[in-house]
**Q** 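One structure, as structure tokens, below. Some questions next.
Order of listing sets the numbers, starting from 1, for every ligand and every atom in it. Only this structure's heavy atoms are used, side chains among them; waters, hydrogens and symmetry mates stay out.
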Amino acid sequence: MTQAPVNVTVTGAAGQIGYALLFRIASGQLLGPDTPVKLRLLEIPQAVKAAEGTAMELEDGAFPLLSGIDIFDDPKQAFEGANVALLVGARPRAKGMERGDLLEANGGIFKPQGEAINAGAASDIKVLVVGNPANTNALIAQAHAPDVPADRFTAMTRLDHNRALAQLSKKLGVPVTELKKVAIWGNHSATQYPSIAHAEVSGKPATEVITDQQWLADDFIPTVAKRGAAIIEARGLSSAASAASAAIDHVYTWVNGTPEGDWTSAAVVSDGSYGVPEGLISSFPVTASNGEYKIVQGLEIDDFSRARIDASVNELAEERDAVKKLGLI
Ligand code: NAD
Ligand code: LMR
């Protein structure tokens with residue numbers, strides 16, 4: 001092993017996603033089997049002890065690629081030299097909390113983290129925001145990192161993408177590897193639009209294979225969009241291992257690229273494509289190559305898709321306006 005370790009900062013390290021995520025990073029699944037990693041864990045002071053416990057377990061895994069673990073309760077230190085930052089820790093919605101309160105509480109987390117990334121992260125920093133509301137938290141962090149290229153800030157809709165693949169695979173009785181060009185548009189929320197408009201099933205247009213429009217509108221789309229809530233209902237806790245798995249997928253693809261003839265979904269800074277206002281961090285079909293995500297261009301958007309994309313993007317614009325009003329961006 002000759003490569004220098006890559007610094008990976010993970011916030012919310014003592015949480016349930018953190019617990020599922022850190023072991024997969026340490027095992028090499030985030031960056032590949034030849035890349036050693038150094039973990040920099042950020043927690044709030046009350047959870048540092050629990051993070052220390054997780055770090056002891058990581059040590060006990062004797063992972064050949066894990067070249068060190070440091071734990072911090074100060075974002076400035078945690079993001080120093082970070083090459084990859086996974087922003088998982090966020091303030092969950094408490095009883096009686098309005099959406100505005102949640103956005104404000106998260107502003108208190110993502111503003112200083114954006115500033116810390118701006119001040120000390122490595123020049124090749126890649127940021128994935130997982131903590132909800134992920135798209136708008138990413139927007140807040142990005143707004144406070146003016147020296148970092150805006151496109152280094154992304155939010156996670158890969159879990160929604162994977163959920164869409166899984167539902168289609170189940171419905172059609174084909175392996176997920178037979179499904180290409182599924183897309184998630186918009187916000188990581190119940191308004192998201194999981195689309196098969198350009199998808200392929202074993203090389204055939206998915207729209208020719210799935211002709212049951214009612215299944216698409218009344219089953220597939222709501223099942224994917226409300227899957228997070230269904231898991232909370234069933235588990236009494238939000239998705240954790242699947243969220244960690246999607247975070248691994250998001251960064252692995254960002255670094256290693258999408259396969260020829262396929263794309264994935266990620267919430268990236270809009271350049272105005274498909275009528276999504278410039279600057280919003282919205283989910284699009286994206287390809288990755290040379291360490292960059294790029295929005296897939298030139299897709300025809302039918303009326304069914306247009307209405308759904310617009311509804312989710314309008315919600316993102318409202319969230320942006322709300323955090324603007326709170327002085328968070
Ligand atoms: P959790 O409550 O188990 O863990 C969150 C951790 O973050 C806690 O240990 C907490 O101490 C820590 N934390 C809080 N504020 C922090 C700060 N300022 N700095 C560092 N750490 C901080 O929650 P979880 O189940 O791990 O979920 C984390 C977030 O991910 C939630 O917001 C959840 O809604 C979100 N999520 C997103 C997706 C997605 O697809 N984008 C999927 C699942 C969950
Ligand atoms: C998910 O999609 O599973 C989560 O974002 C749900 C949540 O609210 O934590």
**Q** When you measure from the centre of the six-membered ring of W263, is the NZ or CZ of K180 closer than 6.0 Å and no more than 45° off the axis?
**A**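 No - K180 does not lie over the ring of W263 by the 6.0 Å and 45° rule.
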**Q** Output yes when R320 and E318 qualify as a salt bridge under the 4.0 Å nitrogen-oxygen rule, no when they do not.
**A** no
**Q** Applying a heavy-atom cut-off of 4.0 Å, say which part of R163 lies close to ligand 2: side chain, backbone, both or neither.
**A**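 Contact part for R163 vs ligand 2: side chain (C-beta onward).
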**Q** For ligand 1, which part of L159 has a heavy atom less than 4.0 Å away: the side chain, the backbone, both, or neither?
**A** side chain
**Q** Verify the contact flag for atom 2 (O) of ligand 1, where contact means a protein heavy atom under 4.0 Å away.
**A** no
**Q** Tell me the contacting part of R91 for ligand 1: side chain, backbone, both, or neither, using a 4.0 Å heavy-atom threshold, strictly below.
**A** neither
**Q** Around atom 5 (O) of ligand 2, find the nearest protein heavy atom and jot down its residue, atom name and distance.
**A**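 Nearest neighbour among protein heavy atoms for atom 5 (O) of ligand 2, to 0.1 Å: H188 NE2, 2.6 Å.
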**Q** May I ask you to check whether H188 and S283 show a side-chain donor-acceptor distance below 3.5 Å?
**A**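 Distance-only check fails for H188 and S283.
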**Q** Under 4.0 Å, heavy atoms only, figure out whether ligand 2 is touched by the backbone of N132, its side chain, both or neither.
**A**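 Side chain only.
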**Q** Can you tell me if H198 uses its side chain to pair, donor with acceptor, with the backbone of E300 under 3.5 Å?
**A**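 Confirmed, H198 side chain pairs with E300 backbone.
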**Q** Closer than 4.0 Å to some heavy atom of A243 - which atoms of ligand 1 meet that?
**A**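 So the answer, numbered in order with elements, is 42 (C), 43 (C).
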**Q** Below 4.0 angstrom from a heavy atom of S238, which ligand 1 atoms are there? Numbered from 1 as shown, please.
**A** 25 (O)
**Q** When you check the gap from the basic side-chain N to the acidic O, do K204 and E200 get nearer than 4.0 Å?
**A** no
**Q** With side chains defined as the heavy atoms from C-beta onward, is the minimum distance between T287 and Y293 less than 4.5 Å?
**A** no
**Q** Using a 3.5 Å cut-off on N or O atoms only, is D160 in polar contact with ligand 2?
**A** no
**Q** What part of S239, side chain, backbone, both or neither, has a heavy atom within less than 4.0 angstrom of ligand 1?
**A** both
**Q** Non-hydrogen atoms of R158 versus ligand 1: any pair closer than 4.0 Å?
**A** no
**Q** Distance under 4.0 Å to a non-hydrogen atom of G12: what atoms of ligand 1 satisfy this?
**A** 6 (C), 7 (O), 12 (C), 20 (C), 21 (N)
**Q** Looking at D310 and R306, is there a salt bridge between them, counting it only when a charged N and a carboxylate O are closer than 4.0 Å?
**A** yes
**Q** With under 30° as parallel and over 60° as perpendicular, where do the rings of Y274 and F284 fit, or are they tilted in between?
**A**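 Taking F284 first and then Y274, their aromatic rings sit tilted (interplane angle of 30° to 60°).
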**Q** Backbone, side chain, both or neither: what part of R227 comes under 4.0 angstrom of ligand 2, heavy atoms only?
**A**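 It is neither; nothing of R227 touches ligand 2.
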**Q** Y193 and side chain to side chain contact (heavy atoms under 4.5 Å, CB included): which single residue from N187, I184, I221 fits?
**A**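 Testing Y193 for a side chain to side chain contact (heavy atoms under 4.5 Å, CB included) against N187, I184, I221 leaves exactly one candidate, I221.
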**Q** Do any heavy atoms of A240 fall under 4.0 Å from ligand 1?
**A**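 So A240 does not count as touching ligand 1.
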**Q** One residue to check: H188. Relative to ligand 1, which of side chain, backbone, both or neither has a non-hydrogen atom less than 4.0 Å away?
**A**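 For H188, only side-chain atoms sit under 4.0 Å from ligand 1.
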**Q** Are a donor atom and an acceptor atom from the side chains of S270 and E278 found within less than 3.5 Å of each other?
**A**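 Note: S270 and E278 side chains miss the donor-acceptor criterion.
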**Q** Numbering the atoms of ligand 2 from 1, which are under 4.0 Å from a heavy atom of G228?
**A**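 The atoms of ligand 2 under 4.0 Å from a heavy atom of G228 are 1 (C), 2 (O), 3 (O).
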**Q** What are the atoms of ligand 2, with element, lying closer than 4.0 Å to any heavy atom of S239?
**A** 1 (C), 3 (O)
